[in-house]
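Proteins come first, then strands; the chains are lettered A, B, ... in the order of their sequence lines, and each starts at number 1. All values derive from a computational prediction rather than experimental measurement.
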2 protein chains.
Amino acid sequence: MHSKVTLADVAAAAGVSKMTASRAMRGAKDVSPKTVERVRKIAADLGYMGNYVAASLANNRTDLIGVVVPSLSNIVFSEVMSGIEDAIAGSGLQPFFGVTGYDPEREYQLVRKMLSWRPAGLIVTGLDQDNQTRELLSATSAPVVQIMDTDGDPVDLCVGFSQTAAGAGMAEMLLTEGRRRFGYVGCALDRDTRAAKRYLGYKAALQSAGITRVPEAVRNARSSVADGKALTADLLTQHPDLDVIYYSNDDLAIGGLFHCMEIGISVPERLILAGFNGLDLTASLPAPIATTRTSRRNIGIEAAKSILKRHASAGSSAPPALKTVEIQHVMDARQSITSI
Amino acid sequence: MHSKVTLADVAAAAGVSKMTASRAMRGAKDVSPKTVERVRKIAADLGYMGNYVAASLANNRTDLIGVVVPSLSNIVFSEVMSGIEDAIAGSGLQPFFGVTGYDPEREYQLVRKMLSWRPAGLIVTGLDQDNQTRELLSATSAPVVQIMDTDGDPVDLCVGFSQTAAGAGMAEMLLTEGRRRFGYVGCALDRDTRAAKRYLGYKAALQSAGITRVPEAVRNARSSVADGKALTADLLTQHPDLDVIYYSNDDLAIGGLFHCMEIGISVPERLILAGFNGLDLTASLPAPIATTRTSRRNIGIEAAKSILKRHASAGSSAPPALKTVEIQHVMDARQSITSI
DNA sequence: GTGCCCAACGGTACCGGTAACGGAAGCAAC
DNA sequence: GTTGCTTCCGTTACCGGTACCGTTGGGCAC
């Protein structure tokens with residue numbers, strides 16, 4: 001019945017007080033090495049396991065960092081999470097994740113629940129939370145980092161890059177390549193506000209160049225290679241004269257590439273395909289596609305670091321760690337483009 | 001200072017006792033609707049936010065389900081996590097994830113940390129934890145589900161499929177296709193014990209068919225499309241006569257396919273490529289590859305369900321929810337093969 | 001021996017909730 | 001009026017740790 005062993009049991013067995021046992025287990029000061037050893041030995045024998053819940057309540061803080069992402073089927077967020085993991089490894093902090101499925105209501109519930117755990121920090125995706133969620137985020141005393149996007153008004157900290165600049169940058173690169181007949185393929189733009197922002201930036205840049213007509217094929221489903229194939233087929237049937245298509249992400253673009261290979265359109269000579277994210281896979285494809293390499297691991301790392309930093313400064317001095325709107329750009333969207 | 005509002009404050013403001021306020025907030029019985037409404041109104045006005053830490057300590061349980069996966073860069077685990085999310089949505093439980101990076105020591109620390117949170121359940125990947133981890137898992141009173149693999153000796157619950165059977169099944173299918181010169185490409189077999197098991201099953205089935213020579217190209221790095229390309233090139237240089245290559249997963253096989261397309265080997269006519277997982281992408285490739293469709297979302301769903309079920313039964317009756325070794329096969333590895 | 005200091009340990013009061021039980025008020029049946 | 005049952009709410013005692021402050025005792029200077 002190891003699960004019922006409490007610190008008091010250990011203390012009793014070691015013939016010391018709970019307090020001493022507590023100090024011994026935590027490696028705190030004011031305990032003799034001999035006592036530490038004895039207590040730890042007995043704890044191990046008894047199968048004692050610390051109780052974080054009680055400890056957290058006692059000192060009014062947890063070691064948890066809440067991470068809110070919209071989706072797990074998108075490899076991009078897995079990589080962000082991976083970066084977070086790596087950055088806080090060894091700091092004693094522990095990330096815990098939640099998924100919204102791009103649903104604002106679910107996001108609200110999730111943030112609420114996470115805050116109820118009194119986390120050491122919160123990392124949320126995007127800048128476009130709805131009002132009630134935003135209110136929660138600004139009311140909490142824990143540091144909050146909004147990631148992936150810098151086009152907007154952060155609650156506290158912010159790590160990411162400009163999505164509109166990414167879209168615009170790609171458009172500019174494609175114009176430089178001499179293309180003029182632009183198309184667009186996207187998925188779930190109603191929920192994925194970042195993809196929508198890229199599209200806006202793309203269209204705006206084209207407009208500046210005098211290009212106003214941008215045929216699009218859009219679907220409200222989660223994006224996949226298969227969707228990319230189908231939507232590209234649709235778009236090219238309607239507009240066979242396109243010489244470039246911008247996709248809301250790499251998966252769709254890869255589907256587009258496979259479609260072109262099937263029906264014999266030469267990529268990139270006749271048609272340039274441009275995706276977004278710079279997945280590893282894009283470097284190995286049978287034909288080159290353009291893409292924007294997002295430094296998503298870095299975003300995770302920097303986001304975690306900024307929480308750690310906030311904690312370090314809060315621990316040392318008095319200032320109550322006010323919310324300070326700070327935007328950190330981890331990449332220049334225009335310089336990260338892999339052209340073809 | 002919303003973060004300092006406590007239930008006692010709410011109770012005082014509402015002119016009731018802490019206990020009544022608690023009941024009102026939780027929607028428990030024995031409170032008049034009028035009181036509930038008043039308390040909740042005041043709680044909202046004061047910006048009161050429940051404290052899960054305190055609540056969990058008080059009733060000695062949390063709503064957390066710990067999930068331990070080896071990697072996040074592998075889309076497979078993201079899909080498992082996604083399945084878990086969906087299955088427990090609405091149950092009030094909350095998953096929290098941890099990543100081991102295929103490191104047994106890190107896995108041990110992670111499991112320990114998670115158990116310190118007294119979770120409502122634990123889901124860990126694989127059956128091959130090291131001894132100290134296994135000890136933790138069998139000592140805890142929380143339900144433990146081991147997933148992805150059924151070739152071994154589960155601690156408690158188990159949801160997955162036989163990895164060796166998957167490897168063997170693929171070999172048998174390829175034999176039926178009339179192939180005789182088998183190769184193998186794999187990554188990180190020392191750490192990814194499931195991939196290693198598939199390889200064993202594959203070789204054993206070939207051996208039964210009288211095929212003992214299976215040239216391999218193996219690398220100890222995380223697998224990627226680029227690795228698949230490189231390793232395939234290596235293997236085919238050494239053994240140009242192969243007529244089938246089995247890969248430890250789809251990513252590598254896709255890399256292999258791209259290599260073949262580049263150097264003009266016809267797939268699948270001259271060379272069959274076989275991967276593993278049945279990623280969506282494999283259905284959209286320019287040339288067909290064989291694969292085994294793993295039902296990873298289902299594994300997540302069933303794992304979560306079995307924890308929920310255990311909880312339901314524990315809540316109703318007296319039996320202290322003993323560890324009962326139960327293996328649930330969510331798929332038949334031999335029937336899930338997509339041949340070419 | 002006295003005074004002083006510091007290392008090592010213990011007592012107490014929490015942290016913010018909740019379970020269990022008790023008790024007052026209101027109403028029906030006898 | 002008494003009994004008995006609800007309905008609604010309060011009191012008490014924790015849950016398992018930790019912060020804070022106090023206490024003890026042994027070593028050292030004088």
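Between the side chain of B:Ser138 and the backbone N or O of B:Arg134 there is at least one donor-acceptor pair closer than 3.5 Å. The main-chain N or O of B:Ala303 is found under 3.5 Å from a side-chain atom of B:Ser306 such that the two form a donor-acceptor pair. In this structure, A:Ser56 contributes its side chain and A:Tyr52 its backbone to a donor-acceptor pair below 3.5 Å. Using a distance-only test at 3.5 Å, with no hydrogens or angles considered, a donor-acceptor pair links the side chain of A:Thr125 to the main chain of A:Val68. Between the side chain of B:Asn74 and the backbone N or O of B:Phe77, no donor-acceptor pair lies under 3.5 Å. Remark: the backbone N or O of A:Leu137 is not paired with any side-chain donor or acceptor of A:Thr140 at under 3.5 angstrom.
Near DNA chain D, meaning a heavy atom under 4.0 Å from it, residues 17-25 of chain B has B:Ser17, B:Met19, B:Thr20, B:Arg23 in order of number.
Residue A:Val16 is classed as a sugar-phosphate contact, given heavy-atom separations below 4.0 Å to backbone atoms only. Among the atoms of the strands shown, only primed sugar atoms or phosphate atoms (P, OP1, OP2) are found under 4.0 Å from some heavy atom of A:Asn51. Note on B:Asn60: only backbone sugar-phosphate atoms sit closer than 4.0 angstrom, heavy atoms only; bases stay farther off.
With a heavy-atom cut-off of 4.0 Å to chain B, the contacted part of DNA chain D has its first and last nucleotide at D:dC8 to D:dG16.
Aromatic ring orientation, A:Phe97 versus B:Phe97: tilted (interplanar angle from 30° to 60°).
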- Message: Applying side chain to side chain donor-acceptor pair (under 3.5 Å) to B:Ser78 and A:Ser78, what does each step give before you reach the verdict?
- Response: CA-CA 7 Å; B:Ser78 307; A:Ser78 308; 3.0 Å; yes
